[in-house]
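Have a look at the structure below, then the notes.
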Amino acid sequence: MGFLVFIVACLGMGSVAVHLGAAKWFASLVVPLIDGLSPIWLVLSSYLSAVAVNFMLTPLAAVSALSLPWAEIAQHVNMNPLPMLYSFLYGLDQYIFPYEYALYMYIFSTGYITPKHMFKGLGLRILFVAVILMLLQVPYWKLIGLM
């Protein structure tokens, strides 16, 4: 029961943020910054914003609060919203601290990995995913007509 309450609370945080206008506020802040960027830079900015937001919100709250603004931003710049939303979801899957993901928390709590190794490994993962996103995913999206 506690797990379901947690999931609903995370989704509720996003719904409340949308209801209070935080989504429109976010879009109004971001649009001037990214207006005129190429689609590749838009995808990268979506990814990096998700990595940053992951430290402030749970992934479920971020998805429910910020997916709509990223879709609106994509439509504002005449781009298909799917690549921006996909890169946003990739960014939300990046973790640095062990408490953000149960498997990492378990491995960390058993003492099999030190914080130094965890930060270094997961930090490199953030960079590798960004590189793979730009080198593989973006050309694939262009190939199938999403970009």
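Quantities reported herein were computed from a predicted structural model and do not represent experimental measurements.
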| Atom pair CH2 (Trp70) and CE (Met79), whose distance is rounded to the nearest 0.5 Å | 9.5 Å
| field | Considering all heavy atoms, the nearest Met147-Val43 contact | value | CE-CG2, 4.0 Å
| request: Would you name the heavy atoms of Ala61 and Ser64 that are closest together and state the gap between them? | output: O-OG, 3.2 Å
| query | Any idea which heavy atoms bring Leu85 and Ser67 closest together, and the distance? | reply | CD2-O, 3.4 Å
| request: Say whether Leu89 and Leu127 are linked into one hydrophobic cluster, either directly or through other cluster members, by side-chain heavy-atom distances under 4.5 angstrom. | output: no
| query | What closest approach, in Å, do Ala62 and Val53 show between heavy atoms, and which atom pair accounts for it? | reply | CB-CG1, 3.6 Å
| query | How long is the gap from OH on Tyr47 to CG on Leu133, to the nearest 0.5 Å? | reply | 7.5 Å
| task | Spell out, as yes or no, whether a donor-acceptor pair under 3.5 Å connects the side chain of Asp35 to the backbone of Val77. | result | no
| Tell me, do Trp41 and Ile34 make a side-chain contact under 4.5 Å, heavy atoms counted? | no
| field | Pairing residues for Phe128 by the side chain to side chain contact (heavy atoms under 4.5 Å, CB included) criterion, not counting sequence neighbours | value | Leu124
| query | Between CG of Leu82 and CZ of Phe88, what distance do you get to the nearest 0.5 Å? | reply | 14.5 Å
| Mutual orientation of the aromatic rings belonging to Tyr90 and Trp141 [parallel < 30°, tilted 30-60°, perpendicular > 60°] | parallel
| task | Verify, without hydrogens or angle tests, whether Ser87 (side chain) and Leu44 (backbone) share a donor-acceptor contact under 3.5 angstrom. | result | no
| request: Check whether Leu48 and Val131 end up in the same hydrophobic cluster, where Ile, Leu, Val, Met, Phe, Trp and Tyr are linked by side-chain heavy atoms less than 4.5 Å apart. | output: no
| query | Can you find a heavy atom in the side chain of Phe119 that is under 4.5 Å from one in the side chain of Pro115? | reply | yes
| note | Scanning both residues in full, the closest heavy-atom pair of Ile40 with Met134 reads CG2-SD, 3.6 Å
| Within one Ile-Leu-Val-Met-Phe-Trp-Tyr cluster: Ile132 and Tyr86, side-chain cutoff 4.5 Å | no
| According to a 4.5 Å side-chain heavy-atom criterion applied to Ile, Leu, Val, Met, Phe, Trp and Tyr, with indirect links allowed, do Leu60 and Val16 form part of one hydrophobic cluster? | no
| In terms of heavy-atom contacts, does CZ of Phe55 have more than 12 from other residues, nucleotides or ligands at under 6.0 Å? | yes
| said: Just verifying a value: how many Å separate Tyr140 OH and Leu146 CG, rounded to the nearest 0.5 Å? | reply: 8.0 Å
| query | Taking C-beta and beyond as the side chain, do Leu122 and Tyr104 meet within less than 4.5 Å on heavy atoms? | reply | yes
| Is there a donor-acceptor contact under 3.5 Å from the side chain of Ser46 to the main chain of Leu42? | no
| message | Would a single hydrophobic cluster contain both Leu68 and Val63, if residues Ile, Leu, Val, Met, Phe, Trp and Tyr are joined by side-chain heavy-atom contacts under 4.5 Å? | response | no
| field | Minimal non-hydrogen separation, Ala74 against Pro81, with atom names | value | CB-CA, 3.6 Å
| So how far is it from Gln137 CD to Lys142 NZ, rounded to the nearest 0.5 Å? | 13.0 Å
| Interatomic spacing from OG in Ser28 to CD in Glu72 - rounded to 0.5 Å | 10.5 Å
